[in-house]
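In what follows, a structure is listed as structure tokens, so that the remarks can point back to it.
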2 protein chains.
Amino acid sequence: MKTSRHTEVIDVAEMLLEAEGLEAVTMRRLGQELGMRAPSLYKHVTGKDDIMTALQIRALQGQAAALAGTSTLSEVATGYRRWALAHPRLYELIARHPLDRARLPPGVEAAAAAPLLGAAGGDIDLARALWGLGHGLVDLELAGRFPPGANIDAAWATAIDAFTACTAVPRSG
Amino acid sequence: MKTSRHTEVIDVAEMLLEAEGLEAVTMRRLGQELGMRAPSLYKHVTGKDDIMTALQIRALQGQAAALAGTSTLSEVATGYRRWALAHPRLYELIARHPLDRARLPPGVEAAAAAPLLGAAGGDIDLARALWGLGHGLVDLELAGRFPPGANIDAAWATAIDAFTACTAVPRSG
DNA sequence: ACCTGAACACCGTTCAAGT
DNA sequence: ACCTGAACACCGTTCAAGT
């Protein structure tokens, strides 16, 4: 039951992020929440970058778990949007915050991307187009870029239709 | 030839943004570049938000100008990507920074969106799907989310093909 | 091994004061 | 009308010092 102090720091950071947003995740605040001063955190964590990378890893794993089991293009798209809207701060963290690939465990990125590639029938270009589409629609929605009252569901439906038509050509396997 | 001090502040902010990135645009640095202390800026500008909004307006106008004259879906998509890659900091400013619609001159957003709507044949849902697609691909590219060596051109081509097939149905007008 | 206070080099912003 | 210095409430991070 002894959770390492490092894990505790990341746990608190995740709670703070989801509850109050990225600007609440400061070293001083984290220390306060853990009963220590900010400089003490550096005994458990190399710096703030370390914390952000750890949260990005959790986010990628959460996204991969949410998409596990989906197969059709429509299922993947719906699951992608659903997870992003359920965890907007974590989504923004993997989408907008610099990603330090060197510190990422191998396979984490691929695991999150696998369902997309599957729905694209193994076509990497189509998978990336699909990723761009899903990310773009989610990002614009989270950023409040669509005018109030915009029918975002309809935009998704139209987009999925267009891409489904594209994958409807017979392919072997 | 007497440019107002307000305009000068925005001009310097734009140069700093494009040359050194968003983190270089600080009130102290802006003052230094203009030969005054940071507090003096508040005589010409209500605050940093004011500066950011002014830059967003310029960015939206620049984007609209870059897309003016495009009509086909392929032209709009190419122009959208070209402008974003030519002005990545300005693009990020309108895509990722909060947009205070109340301070935006009316029509600025619509002008930037018009070419998209035109290429979608007036279908607002398709226009938004197209916007999501273009924004998503550009955003992922600017954020360095595609692996090194990824064929981003091919992803765009695949995406444009899928949407072109969707708009290929005969329509009146 | 773990935590502290003091410090450094930064932020955006306010405000009384000068000219 | 315009600019100033000092201050306030913040940042991430370093480091000598304590236990």
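As a basis for the values below, the full set of heavy atoms in this structure was taken, side chains included, without hydrogen atoms, waters or symmetry mates.
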Write down the distance between CD (B:Glu23) and P (C:dC11), rounded to a whole number of angstrom.
-> 10 Å
Paired to D:dC2 by Watson-Crick or G-U wobble criteria (both distances under 3.5 Å) is C:dG18
Hey, which sits more toward the 5' end of DNA chain C by its nearest nucleotide, A:Arg37 or A:Arg28?
-> A:Arg37
Under 4.0 Å between a side-chain N or O of A:Lys43 and OP1 or OP2 of C:dC2?
-> no
Polar side-chain atom of B:Gln56 near backbone of B:Leu93 as donor-acceptor pair, under 3.5 Å | yes
On a whole-Å scale, what distance lies between the C1' atoms belonging to C:dC8 and D:dC10?
-> 15 Å
Nearest-Å distance, CG (A:Leu34) to C1' (C:dC3)?
-> 13 Å
Could you check how far NZ of A:Lys48 sits from P of D:dT14, rounded to whole Å?
-> 14 Å
Just to confirm, is there a sub-4.0 Å distance from OP1 or OP2 of D:dC10 to any side-chain nitrogen or oxygen of A:Arg29?
-> no
Work out which heavy atom in B:Ala119 is nearest to a heavy atom in B:Val76; give both atom names and the distance.
-> CB-CG2, 3.8 Å
Does D:dT13 have a Watson-Crick or wobble mate here (both distances under 3.5 Å), and if so which one?
-> C:dA7
Return the value, rounded to whole Å, for the distance between atom OH of A:Tyr42 and atom P of D:dC11.
-> 12 Å
Reckon A:Ser40 touches a base, only the sugar-phosphate, or nothing at all at heavy-atom distances under 4.0 Å?
-> base
Separation of C:dC11 P from B:Met52 CE (nearest whole Å) = 14 Å
Whole-Å gap separating P (D:dA1) and NE2 (B:His6) = 17 Å
Could you state the interatomic distance from CG (A:Leu140) to CH2 (B:Trp131), rounded to the nearest 0.5 Å?
-> 5.0 Å
Between C:dG12 (C1') and B:Ile51 (CD1): distance, integer Å = 11 Å
More than 12 heavy atoms of other groups within 6.0 Å of B:Arg103 CZ | yes
OP1, OP2 of C:dA1 versus side-chain N and O of A:His44: anything below 4.0 Å?
-> no
d(CE, A:Met27; P, D:dG12) in whole Å = 7 Å
Determine the minimum heavy-atom distance between B:Arg145 and A:Pro98, stating which atoms define it.
-> NH2-C, 4.4 Å
Which of C:dT4, D:dG5, D:dG12 is nearest the side chain of A:Pro39? It is C:dT4
